[in-house]
Amino acid sequence: MSRPSLLQRATSVIKDQTDPHTITMNLGRLIRVVPRSRNIEASLIFFVLGLYAFELAQVQLSTIAKITPELLAYWWPVALLALVFHIVLRFKASEADSLMVPIGLALNTLGISEIYRLDIANTLTGGQNQFGSKQVVWSCIAIAMAILVIWLVPSHLFLRRYIYISMVIGVGLLISPMLPLIGLKINGAQLWISIAGLTFQPGELAKIALTVFFAGYLVTHRESLAAVGRKVLGLRLPQARDLGPILLIWLASLMVLVLQRDLGTSLLYFGLFLVMIYVATSRSIYAFVGLGIFATGAFLASRLLDYVGGRFDAWLNPFSDLHYNAQINSSYQLVQGLFAMAHGGIWGTGLGGGMPQIVPVAESDFIISSLGEELGLVGLFAIFALYLLLVSRGLRIAFNHTDDFSKLLAVGLSFVIALQTFIVVGGVTRVVPLTGLTTPFLAAGGSSLLANWIIIGLLLRISDSLKNQPQQVVVVE
Amino acid sequence: MSDLALFIVRAAFVVILWIFIFTLISVVRSDLFGQKLVRRVVKANSPKVLSSPVLPQAAVRASAQTELLLPKAPDSNKPSRVVPDRLLITAGDKAGYQLKLDRREITIGRAETSDLVIDDEFASTNHARLVKLNDEWTLQDLGSTNGTFLDGVKVTSPVAFKVGSEVRIGKTAFELRG
């Protein structure tokens with residue numbers, strides 16, 4: 001079953017040919033056996049690490065007007081882990097996607113640089129914030145977890161055996177912030193748990209477990225879900241009994257909305273489910289019905305429950321004195337974020353040149369407005385382009401696979417990053433109500449980094465397994 | 001540090017960030033449309049394509065030069081002597097897909113762990129397997145419910161599977177190619 005190593009393949013090509021002319025003829029074949037994707041990845045990782053050093057130097061020059069050795073302390077741990085990741089991929093998943101690691105690393109390091117910049121601003125005014133160094137430590141732990149995923153998981157298909165276990169884990173993680181003793185409420189949203197002084201956002205890891213469950217569940221049940229029921233008013237409705245699971249997920253997401261007081265989290269899980277059911281059955285009615293009942297539920301919740309309604313009003317009228325100066329559900333943070341991005345304009349103030357520290361929790365929830373102020377619209381578009389490329393690579397992996405479980409898993413994992421980015425950026429730019437979700441890879445926070453690097457590890461594992469799959473060819477007879 | 005120098009550093013950062021993104025896009029592009037190098041290699045390694053009469057004049061001239069240097073092309077009159085290196089699916093859901101024969105054994109069936117997964121109600125979980133012995137492939141039915149057919153004949157004991165024969169399992173059919 002083992003495949004011949006690259007060296008063996010390369011030397012056998014040379015040994016076959018004794019005539020020097022044929023060796024040059026076969027040089028092309030020799031080049032082809034070297035995994036091109038890994039070489040591309042190596043050069044892109046070096047590019048990103050150079051960019052990271054540039055960012056840190058620019059932050060130091062702009063804020064304290066000199067370059068200190070602290071720069072290296074921020075640079076080398078991440079650089080080391082990135083190179084270890086690359087070497088492990090060469091041996092364990094040599095044909096995995098080449099862009100995932102560089103893109104994840106670029107976003108992660110840009111986040112660290114901005115958080116470091118906010119720490120410096122805080123220190124200059126007498127504060128003691130050390131979010132930047134914490135973020136470096138968490139990045140290393142998160143990348144190490146992704147390396148472990150590549151190292152220990154021989155194939156993503158084994159996840160299919162544990163779909164109901166992952167459902168239990170996912171639901172358990174989702175409800176854990178509501179449990180007494182360990183549950184923790186920050187800014188009105190109950191999304192954190194606190195154990196021995198360490199706070200953690202379990203919903204981040206729940207999204208991986210639930211994606212695995214949805215993928216496994218839909219592979220087995222897609223036939224009956226795709227079956228056509230009665231026709232009403234020109235619309236082909238699904239059979240009534242097949243609506244059971246979708247209603248169950250809807251109720252669960254509304255429970256999250258009511259109990260955890262966070263619209264973003266419930267929108268994330270419900271949206272993930274809708275996209276996966278649409279991809280599995282290719283019936284758009286699920287998407288429309290789902291969005292309809294979710295909008296109805298969210299509207300009712302905003303009318304009936306004070307805290308959800310307060311957030312909605314602060315979102316719709318943030319500039320009114322009433323909401324800006326309110327004690328709870330104040331729109332102060334949102335408005336300051338908008339002012340920050342307006343200050344940045346198109347070209348931005350440059351890293352270290354703005355005043356992003358004025359916005360409350362600028363390093364986590366409002367990292368997008370901090371980056372928008374310092375890098376401007378030009379920089380924000382660059383960040384969105386990175387997310388877009390990351391998600392498109394994930395969808396391409398799904399497209400290239402032939403078995404349904406791999407397809408659904410890759411679609412779910414890449415879509416969850418896309419949806420979360422949309423909800424967070426939409427919240428900061430006042431497109432949707434503000435939520436407590438974190439910006440993938442950028443925001444300060446360990447749980448978010450951990451979950452997103454594990455997603456990268458899983459997507460790399462799925463893309464590497466493509467080499468054992470039948471490949472589509474154009475048949476010329 | 002002077003304001004001008006700082007301005008240059010800031011502008012340079014935006015430019016480098018976008019250079020990075022366009023580098024990524026060029027990689028995506030070459031993945032989608034293929035690299036020029038790959039196409040040249042395919043030409044150099046396939047004498048059959050080069051000597052076909054429909055090719056433009058330049059390519060034919062190139063083939064006249066390369067044919068002298070190429071190792072002896074496999075004799076196309078004796079298909080049984082060709083060592084197959086891929087399995088081509090000719091009918092069924094995955095028609096038009098091929099699987100590289102870089103393993104000693106290929107399992108076929110409905111199980112997710114099979115090398116060739118056949119999603120078909122006529123296929124069993126572990127339906128059949130192909131085993132390589134001295135560059136010859138042997139087809140073995142693993143006690144499937146609906147049977148495996150080699151050129152229309154039901155396979156009861158392991159049989160040799162050669163280039164030019166067709167195996168049919170349910171709606172799926174495949175053959176070996178050299």
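Protein chains get the first letters and strands the later ones, always in sequence-line order, with residue 1 at the start of each.
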Which residue is it: B:Leu101, B:Ile108, B:Leu87, B:Ile106? I am looking for the one with a side-chain contact (heavy atoms from CB on, under 4.5 Å) to B:Asp115.
B:Ile106
Contact part of A:Leu44 toward chain B, heavy-atom cut-off under 4.5 Å: side chain, backbone, both or neither?
both
Below 4.5 Å from any heavy atom of chain B, which atoms of A:Ala106 appear? Answer side chain, backbone, both or neither.
side chain
So does A:Lys407 pair up with A:Asp404, basic N to acidic O under 4.0 Å?
no
Side chain, backbone, both or neither: which part of B:Val14 has an atom under 4.5 Å from a heavy atom of chain A?
side chain
Review item, side-chain donor-acceptor pairs of residues 375-390 of chain A, under 3.5 Å, at least two apart:
from, atom 1, to, atom 2, distance (Å)
A:Tyr387, OH, A:Pro440, O, 2.5

Side chain to side chain contact (heavy atoms under 4.5 Å, CB included) partners of A:Ser98, counting only residues at least two apart
A:Ser37, A:Ile40, A:Glu41, A:Arg393, B:Val27
